[in-house]
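Everything on this sheet refers to the single structure shown next.
Values below: all heavy atoms of this structure, side chains included; hydrogens, waters and symmetry mates excluded.
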Amino acid sequence: MQAYTERIREAAKRLLSDGKVDVVIGFRKGTIPFMNEPYLAKTAEQVDQLVWDGNCGVNLANYLPKRTDRVAVVAKGCDSRNIVEHIVENQIKREQLHILGAPCKGMIDKRRIKAELKGKEPTSVEETEGEIEIKGRDLKLTLNRSDFLQENCAICIHRNPVLYDDLVGDLVEEQKDVDRYADVRQVEAMSTEEKWRHFDDLIAGCIRCYACRNACPACYCPTCFVDESRPQWVGKTIDPTDTRTFHFLRAYHLAGRCTDCGACERSCPVDIKMRQFTKKLEKDVKELFDYEAGINPEMRPALDFYRPDDPQAFIK
Amino acid sequence: MSNWEPKIIAFLCNWCSYGAADLAGVSRMQYPPNFRVIRVPCTGRINPKFILSALRHGADGVWVSGCHPGDCHYIEGNLYARRKFALLKNLLEHTGIEPKRLHFSWISSAEATKFADVAREVIRTVKEAGPAQHFIKKQAEVA
Amino acid sequence: MEGEAGNFTAKLKSEPRFIDPLRCTGCGDCAKVCPVTCVSEHNCGLDRRAATYIRYAQAVPLVFAIDPEICIGCGLCEKVCLAEAVKYDDQPRYNDLKIGSVILATGNEVFNPSDFDTYNYALLPNVITSMEFERILSASGPYRGHLMRPYDREEPKKVAWLQCVGSRDTHHCDNPYCSGVCCMYAIKEAVIAKEHSHSGMEAAIFFMDMRTHGKDFEAYYDKAKEEGVRFVRSRVHSVEPVGDGDLEITYADETGEIKQEIFNLVILSVGFQVGQEGMELAGKLGVDLNENRFVKTESFAPVATSREGIYVCGAFQGPKDIPQSVMEASAAASASSLLLNDVRWTEAKVKEKPTERNILGERPKVGVFVCQCGINIGGIVNIPEVREYAKTLPYVVYVEDNLYTCSQDTQVKMAQVIKEQGINRVVVAACTPRTHEPLFQETMSNAELNKYLFEMANIRNQDSWVHSGDPTQATEKAKDLVRMAISKVTLLEPLKESELGVTRKAMVVGGGVAGMVAAKDIADQGYPVYLVEKSSQLGGQAKKLFQTWRGESIPAYAEGLAKEIENHPNIKVYLNSELKHVDGFVGNFKSTIQNGGEPEPVEHGITIIATGGKEFQSEEYSYKKHPRIVTHQELDQRFNENDPSLRSINSAVFVQCVGSREPDRPYCSRVCCTHSVESALELKKINPESDVYVLYRDMRTYGERELIYQEARREGVIFIRYSLENKPQVEVVDGKVQVTVFDPILQRSIRMQPDLVTLATAILPNETDALSQFFKVPVNAEGFFIEAHAKLRPVDFSTDGVFLCGLAHYPKAIDESIAQARAAAARAATLLARDSIFFSGMVAFTRPIDCSSCGVCVSICPFNAPRFIETGRDAGKAEINPALCKGCGLCVASCRSGAIGLRGFDDSQIFAMIDSV
Ligand SMILES: Cc1cc2nc3c(=O)[nH]c(=O)nc-3n(C[C@H](O)[C@H](O)[C@H](O)COP(=O)(O)OP(=O)(O)OC[C@H]3O[C@@H](n4cnc5c(N)ncnc54)[C@H](O)[C@@H]3O)c2cc1C
Ligand code: SF4
Ligand code: SF4
Ligand code: SF4
Ligand code: SF4
Ligand code: SF4
Ligand code: FES
């Protein structure tokens with residue numbers, strides 16, 4: 001991890017001093033452990049605050065849309081896919097970007113660690129290749145890193161960036177034989193009524209703060225459909241039908257675009273598992289159209305094109 | 001419950017299925033009066049929002065029908081729509097909407113028989129699903 | 001008909017219809033009460049119709065007529081027709097028409113196989129013609145699209161098609177030509193029948209040569225094979241009845257072995273022939289027919305008849321399919337408008353534009369007109385109830401019901417009421433907008449209202465007619481439909497049909513025969529043309545060819561044409577030039593021509609793409625390894641030069657399908673079979689003693705070209721079939737050319753050492769990338785441009801104002817290229833002949849403030865109407881060009897950001913209808 005940090009700083013300094021970019025977007029240490037925060041470094045001094053470890057789960061692609069300056073950005077596998085989409089969807093130009101690819105072994109799920117700590121406060125965290133060492137008052141814990149990954153990271157099959165200018169670490173081996181859709185299939189096996197209840201329960205706690213939407217790089221509309229007024233057809237309250245409409249259509253808007261980066265779930269203050277919606281779409285897009293989001297900068301998202309022989313067994 | 005009749009919203013493409021519905025009339029084919037037609041210029045015009053909105057308004061079923069692939073008046077609107085509908089239908093079903101409520105068909109303006117057949121089938125299957133329970137936006141209690 | 005080109009007088013007789021087309025509403029009540037019936041011609045006698053009838057349900061106009069042959073004059077229909085349209089004393093009408101030109105598009109007959117005693121068509125109900133089967137498969141046909149055989153209405157499990165019935169045949173009939181369409185329609189019928197079948201129907205097509213030479217046809221043939229359609233190369237001897245309605249076919253397979261097979265249904269793939277009526281018509285008009293009784297034409301003037309001022313198109317000109325017929329139709333229109341160019345518009349009546357009341361700021365005042373349609377609606381739906389209900393709905397200020405809302409007098413009254421009541425939105429609850437919207441909109445205009453402030457509720461076709469057993473529910477439904485229509489109409493706004501000027505100049509890209517013909521047709525009509533040619537001279541491939549299959553010299557024609565073009569005052573030719581940049585859209589293109597070193601900006605209203613193709617050259621069959629192995633164009637050059645060495649050729653071999661119909665180039669190049677036959681005949685002519693062989697997969701001498709195939713066989717040219725799996729070998733052994741081929745009739749290999757091997761190589765399209773991007777027109781996997789519709793719009797692109805012709809579309813013969821070029825010119829002239837064009841008001845528009853620049857609309861619009869704004873406050877956001885938008889709504893439904901609206905079908909309007917269901 002330290003090696004990444006050094007290479008990021010090194011690259012950032014070079015790019016800034018050569019005048020290649022105006023800003024470097026990366027992470028710096030947060031005020032609380034397990035919470036690094038996005039950071040925009042514009043000077044050599046600021047660069048020294050840049051860090052890299054398993055707490056960089058925020059998707060930095062979210063900081064790119066509508067920028068007009070030249071930007072270097074650190075990108076994990078998923079971030080890079082969202083960057084590809086931004087390029088395809090005209091949110092930023094490739095020429096503006098210098099992508100510092102960060103091959104990724106998964107981000108740490110702070111919620112799981114918290115559960116493991118059972119209320120104790122950590123003061124320092126050390127990360128090595130395979131382990132996380134946590135220290136605090138009457139606390140010393142060594143955890144197996146791979147057991148505490150974000151859910152989406154544990155099943156990630158694109159850990160290496162798909163598009164980059166420099167790498168800040170060696171390419172990692174992609175996970176093979178992961179079952180990406182075990183949870184989706186579980187729901188698929190339910191009866192209709194069970195499915196309905198499953199999703200009702202899933203979103204029951206949603207307070208419609210829109211943190212999920214705001215964290216998602218692919219949600220960049222000036223006016224989100226939930227705020228549409230021509231006419232206003234979705235209520236803004238936490239009425240269950242309105243909440244479901246929000247989650248349903250938000251997910252649908254991400255069909256063929258969601259990279260399963262997990263930023264949405266990570267940002268939710270009440271722990272809603274809204275990836276359950278997007279993953280079903282991801283699975284279908286793969287199965288029906290053989291398409292994966294953000295892999296090919298030459299290709300528009302799956303709903304923006306068609307093939308003459310697309311499946312149509314469902315049409316009478 | 002025994003005399004419950006489903007309410008079905010049908011989005012029909014102006015150039016084909018709407019014409020088939022007209023032709024079914026010319027040929028005096030009979031089918032039950034359960035659906036209300038909303039004419040659209042092309043299946044490509046159908047925003048998933050409309051289908052959600054129909055469900056929110058308590059429609060017991062939704063039927064979308066357009067031109068056969070290759071026959072779209074706008075060349076390829078139906079082929080884009082086909083992708084959208086595939087995902088929409090799957091996601092609705094995945095999240096607990098009865099598959100029997102959602103129907104899609106390609107019916108050309110000459111296929112009056114097919115129109116009447118599909119109409120009957122849609123009504124029959126929606127009836128099997130029973131009155132819509134979910135996704136309905138409860139109106140203020142007036143009615 | 002009397003007179004001469006430009007000034008004919010034609011006497012026209014219109015038979016009496018006995019039903020007034022202006023009054024008939026098409027309700028069909030008369031047909032329901034008519035007590036007599038006869039077989040329906042439209043359904044090929046497979047079902048019956050009444051004496052009052054329409055030919056078919058989609059007929060335009062949808063009005064009935066009485067067949068005097070079978071009407072018994074009972075008077076019932078007159079009694080039930082509340083529209084008072086029945087007129088038993090109707091008389092024939094005669095008109096003298098003053099016309100400048102005539103286009104013959106009378107088609108021809110389908111061959112009647114009754115005289116073919118060996119096929120027993122006349123005796124066996126389960127031996128039917130392909131036309132009968134078309135009706136059986138049709139959803140509006142006698143069996144409503146259910147796959148059944150006539151004898152017992154059972155679904156056939158095994159069906160056979162017998163090809164070339166009444167075509168390529170001089171024994172049973174006098175039709176030596178190939179009908180050109182039967183192979184393809186038989187495959188289509190087999191594929192569709194399999195789709196309609198519930199029990200995995202088996203299909204077998206018995207054929208001599210499979211002629212799938214049209215665009216994308218070969219791929220369809222391949223797919224049919226994959227889907228299990230069986231193709232049996234054979235000659236069928238007889239069809240005999242066996243069992244209960246089944247049929248036994250006796251045929252000889254390719255090796256001559258006699259075989260039998262039993263089917264449930266046999267379909268005779270019948271061809272075309274010009275019938276008695278066609279011949280009489282030609283006689284009356286003084287138009288010559290050729291030896292096959294088709295209208296006589298020449299390759300370089302494919303739509304001109306022997307009489308000036310009379311043109312021909314479609315199947316009367318020669319056997320052909322729909323796309324080719326449509327091309328010729330436009331070509332005939334072009335030829336005809338050249339003749340009549342001076343009088344263009346002189347007969348046109350300009351419709352006065354009604355003034356329009358400004359309703360801005362008015363709250364909606366809805367007028368509702370409920371139609372009884374005689375008893376068609378009123379007999380089922382409780383009209384007074386619907387009327388009274390409508391009065392209770394918001395914004396409704398006026399409601400009335402009418403016996404026939406569409407009748408002339410009601411329309412006049414309606415316009416009055418609208419004005420008097422200050423109505424600003426109208427709902428008509430009646431039949432269907434598909435037939436009647438234009439009529440009511442006309443009345444809207446007469447009432448000084450914008451015609452888009454109108455909505456119909458379909459309470460007849462989709463209500464009273466289909467729920468006649470349930471008047472209560474039908475009435476409820478009518479009320480719902482009226483409510484929905486009102487909810488929408490209140491949200492409608494007046495729409496403007498924008499008008500845009502047209503630059504009345506044309507750009508033609510490509511100076512081959514197609515490009516030159518198109519340019520000339522347009523220029524002759526008086527419009528300036530820019531003709532851009534990449535190479536240093538005009539003429540293209542035509543210069544490298546020898547003659548047409550009819551023996552007309554191609555280079556001579558091309559040279560003459562090139563001279564005319566170069567000297568034409570309206571044509572500016574740019575040689576060694578290419579298009580470098582294109583901006584704009586229909587009516588208003590701005591392009592840059594790179595002319596040598598100098599870029600030259602030009603403006604034009606339309607563009608014709610005629611960039612052609614070229615001969616394929618490969619290493620296959622030892623090409624280039626020996627001077628005696630040549631391509632067609634190389635041989636043609638020697639013919640053109642009258643090369644004396646041709647006289648010493650004692651044996652020659654032609655190899656067909658070189659580079660065509662192969663997995664990596666799956667299409668048929670269409671012209672090569674005819675080309676080989678014609679060259680084989682030429683070699684025979686030069687040296688009658690020579691041995692000439694044609695190694696082929698299917699001989700595709702379609703249409704009347706079949707005649708030279710027959711001639712070649714008579715002249716002793718030997719045709720040997722080979723298969724893709726077992727291709728011939730051409731080698732150079734000890735300095736000599738050696739050809740080895742497996743003969744399927746002798747069932748053994750033959751080895752030859754010919755003096756000449758000619759490779760019939762594929763036709764490839766020229767480079768298309770740049771043009772495809774400039775004009776946003778699509779190209780298929782093989783590099784040919786894709787037309788807007790394969791059958792119905794074969795020279796248009798989906799991008800307005802851009803047309804195509806010639807080899808850039810697909811390989812085709814010179815007469816076909818000429819026809820397509822003239823067609824493109826005709827289509828172009830429809831725009832060039834106008835000062836300005838109007839665009840529909842129902843178009844999409846963006847709200848830049850909501851646009852996220854995601855580009856969905858730009859990438860999916862089939863008409864390339866959206867694009868990104870380049871400069872200013874909204875730079876980077878999308879905007880939609882109303883001149884290109886067709887109002888399909890695809891972008892509207894696909895824009896996640898809700899930034900696009902659609903006039904006439906906007907979200908709010910559709911939501912309002914959903915709300916009020
Ligand atoms: C069995 C069969 C199947 C086919 N399937 C296909 C297919 O799948 N795809 C395809 O592309 N092509 C197909 N074809 C070919 C296609 O039908 C023709 O290419 C095309 O219809 C020819 O059009 P046309 O306008 O020249 O002739 P027609 O369609 O014959 O039209 C001629 C019209 O002129 C009218 N008319 C005749 N005489 C007069 C007169 N004296 N005065 C006024 N009007 C007159 C006739 O009533 C008719 O309406 C098929 C043909 C047959 C026979
Ligand atoms: S799911 Fe979570 S983050 Fe999203 S709106 Fe609901 S509460 Fe907020
Ligand atoms: S949910 Fe849809 S409308 Fe809302 S911001 Fe995301 S993409 Fe845009
Ligand atoms: S929906 Fe969630 S997982 Fe998908 S791209 Fe957006 S933030 Fe990432
Ligand atoms: S689809 Fe909508 S948001 Fe995207 S570019 Fe077009 S108008 Fe803008
Ligand atoms: S409505 Fe259709 S034609 Fe018009 S811009 Fe949108 S996609 Fe294109
Ligand atoms: S026009 Fe009917 S589906 Fe497009």
Evaluate whether atom [atom1] of [X] has more than 12 neighbouring non-hydrogen atoms of other residues, nucleotides or ligands under 6.0 angstrom away.
X: C:E493; atom1: CD; value: no
X: A:K273; atom1: NZ; value: yes
X: C:K223; atom1: NZ; value: no
X: A:Y164; atom1: OH; value: no
X: A:K20; atom1: NZ; value: no

Side chain / backbone / both / neither for C:I849 at chain A, heavy atoms under 4.5 Å: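 Just the backbone, heavy atoms under 4.5 Å.
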
Can you tell which part of C:S894 gets under 4.5 Å to a heavy atom of chain A, answering side chain, backbone, both or neither?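 Contact with chain A involves no heavy atom of C:S894 at all.
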
Which is it for C:C854 and A:Y220 under the side chain to side chain contact (heavy atoms under 4.5 Å, CB included) test, yes or no, and what are the steps along the way? CA-CA 9 Å; C:C854 71; A:Y220 49 69; 3.3 Å; yes

Spatial distance of atom CD1 (C:I860) from atom CZ (A:R300) [nearest 0.5 Å]: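 It is 9.0 Å, given to the nearest 0.5 Å.
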
Drop me the distance from A:K66's NZ to C:S853's OG, to the nearest 0.5 angstrom.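 Reported value, rounded in 0.5 Å steps: 5.0 Å.
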
Apply side chain to side chain contact (heavy atoms under 4.5 Å, CB included) to C:F868 and A:N90, showing your working. CA-CA 10 Å; C:F868 293 117; A:N90 307 309; 3.1 Å; yes

Pick whichever of A:Q91, A:E85, A:E228 has the most heavy-atom pairs under 4.5 Å with chain C.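 Heavy-atom pairs under 4.5 Å are most numerous for A:Q91.
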
Least distance between heavy atoms, [X] atom then [Y] atom:
X: C:S897; Y: A:C221; result: OG-SG, 3.0 Å
X: C:S908; Y: A:P231; result: CA-CD, 3.8 Å
X: C:R896; Y: A:H253; result: CD-O, 3.3 Å

